[in-house]
Amino acid sequence: MNFLRSYIRIVDRFNRTIGRFVMYGLFVLMGILLWSSISKAFFTPSLWTLEMAQFVMVGYYILGGPYAMQMGANVRMDLFYGEFTPQKKAQMDCITVLFLIAYLGVLLWGGIDSTMYSFQYGGERSPTAWRPYLWPIKVTMVFGIVLMLLQSLSELAKDILFLKTGEEMRDAV
């Protein structure tokens with residue numbers, strides 16, 4: 001049980017730090033979109049703004065996802081779940097998180113494969129006029145999937161601890 005507590009604290013602290021840092025990516029995204037608007041109105045439109053905004057948005061939500069899960073900001077179907085007792089909720093979460101972990105495992109496998117492809121063939125580039133390298137966003141996606149997988153295991157550990165000891169570790173950070 002001490003291992004679970006330590007794991008929860010370490011993963012939650014790390015994902016909280018990353019999540020709090022990534023929150024400011026919204027301002028980067030706003031700056032890019034503002035520059036896009038200004039350049040279209042007063043100068044020659046920039047080729048890079050649309051794709052860069054997409055890349056920043058991907059980084060924003062994929063790196064912020066584990067923090068959102070930790071904070072309970074994820075969307076949940078409350079039709080029946082809302083009426084469950086805390087023990088029944090923890091039991092249900094122990095089952096459903098296994099599906100999430102399986103899904104994330106498949107995503108990670110595909111992400112690693114795609115990232116390796118990017119590196120193997122001399123730097124895969126986007127087929128647009130700007131032609132940026134794709135490996136930075138693919139590495140970011142793989143890193144975000146790993147963080148989400150670690151956070152999912154942390155949530156499972158919290159539910160197991162709650163079911164075994166009654167200890168609530170939702171605010172472990």
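Salt bridge K138/E124: present, at least one basic N to carboxylate O contact under 4.0 Å. Residues K88 and E83 are not paired through a salt bridge, judged by the lack of any N-O separation under 4.0 Å between the basic side chain and the carboxylate.
Taking OG from S154 and CG from L149, the interatomic distance works out to 11.5 Å, rounded to the nearest 0.5 Å. For the atom pair S126 OG and Y133 OH, the distance stands at 12.5 Å (nearest 0.5 Å). Taking CD1 from I32 and OG from S37, the interatomic distance works out to 12.0 Å, rounded to the nearest 0.5 Å. Between Q91 atom CD and T85 atom OG1 the span is 7.0 Å, to the nearest 0.5 Å. Rounding to the nearest 0.5 Å places OG1 of T140 at 8.5 Å from CD1 of I62. The line from CG of N15 to CE of M148 is 8.5 Å long, rounded to the nearest 0.5 Å.
Here D93 pairs with R76, Y81 under the side-chain hydrogen bond (donor to acceptor under 3.5 Å, both in side chains) rule; sequence neighbours left out. Partners of W35 under the side-chain hydrogen bond (donor to acceptor under 3.5 Å, both in side chains) rule, at least two apart in sequence or in another chain, are S46.
Crowding of F119 atom CZ: a count of heavy atoms from other residues, nucleotides or ligands under 6.0 Å exceeding 12. By the 6.0 Å contact criterion, CE on M69 is enclosed, its count of non-hydrogen atoms from other residues, nucleotides or ligands being greater than 12. In the displayed structure, F84 atom CZ is contacted under 6.0 Å by more than 12 heavy atoms of other residues, nucleotides or ligands. At most 12 heavy atoms of other shown residues, nucleotides or ligands fall within 6.0 angstrom of atom CH2 in W109. No more than 12 heavy atoms of other residues, nucleotides or ligands lie within 6.0 Å of CH2 in W135, so this atom counts as exposed by the packing criterion.
By the rule that hydrophobic residues join a cluster once side-chain heavy atoms approach within less than 4.5 Å of another member, V142 and M116 end up as members of one cluster. Y61 and F14 fall within a single hydrophobic cluster, where Ile, Leu, Val, Met, Phe, Trp and Tyr are joined by side-chain heavy atoms under 4.5 Å apart, directly or via other members. The cluster map of Ile, Leu, Val, Met, Phe, Trp and Tyr, joined by side-chain heavy atoms under 4.5 Å apart, puts F143 and Y103 in the same cluster. Placement of I8 and F162 in two distinct hydrophobic clusters is found when ILVMFWY residues are connected by side-chain heavy-atom separations under 4.5 Å, directly or transitively. Following chains of ILVMFWY side-chain contacts shorter than 4.5 Å, one can reach V22 starting from V28, so the two form part of one hydrophobic cluster.
Judged by distance alone, the side chains of E155 and Q151 do bring a donor and an acceptor atom under 3.5 Å apart.
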Go through K158 and D12 one step at a time and tell me if the side chain to side chain contact (heavy atoms under 4.5 Å, CB included) criterion holds.
CA-CA 11 Å; K158 289 174 192 175; D12 283 7; 2.7 Å; yes

With ring pair (Phe, Tyr, Trp, His ring centres under 6.0 Å) as the test, would you mind laying out the steps for Y117 and Y121 before giving the verdict?
CA-CA 6 Å; Y117 176 85; Y121 294 100; 4.8 Å; yes

Any chance you could lay out the side chain to side chain contact (heavy atoms under 4.5 Å, CB included) test for E167 and M1, step after step, and finish with the verdict?
CA-CA 11 Å; E167 184 178 352; M1 292 299 165; over 6 Å; no

Would you please test L134 and R125 for side chain to side chain contact (heavy atoms under 4.5 Å, CB included) and show each step?
CA-CA 5 Å; L134 293 178; R125 290 178 170 257; 5.8 Å; no

Side chain to side chain contact (heavy atoms under 4.5 Å, CB included) for F99 and I95? Distances and angles first, verdict last.
CA-CA 7 Å; F99 292 102; I95 294 167; 4.2 Å; yes

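Contact annotation: the side chain of C94 approaches that of L163 to within less than 4.5 Å [non-hydrogen atoms, C-beta and beyond]. Looking at heavy atoms from C-beta onward, L29 lies out of side-chain contact with Y60 at the 4.5 angstrom threshold. Residues T49 and L33 have side chains not in contact (no heavy-atom distance under 4.5 Å, counting atoms from C-beta outward). The shortest distance between side-chain heavy atoms of K40 and S36 falls below 4.5 Å. L104 has its side chain within reach of S152: a pair of non-hydrogen atoms, C-beta onward, lies under 4.5 Å apart. A 4.5 Å side-chain heavy-atom check between L63 and F21 finds every atom pair outside the cut-off. Counting heavy atoms from C-beta outward, V97 and D159 have side chains that stay 4.5 Å or more apart.
When all heavy atoms of Y67 and R20 are compared, the pair lying nearest together is OH-CD, 3.2 Å. Of all heavy-atom pairs spanning G25 and V56, the tightest one is O-CG1, 3.7 Å.
Using a distance-only test at 3.5 Å, with no hydrogens or angles considered, a donor-acceptor pair links the side chain of T96 to the main chain of M92. Between the side chain of Y7 and the main chain of L150, a donor-acceptor pair closer than 3.5 Å is present. The backbone N or O of G111 lies less than 3.5 Å from no partner atom in the side chain of S114, so there is not a single donor-acceptor pair.
Using cut-offs of 30° and 60° for the angle between ring planes, the W130 and W48 rings count as tilted.
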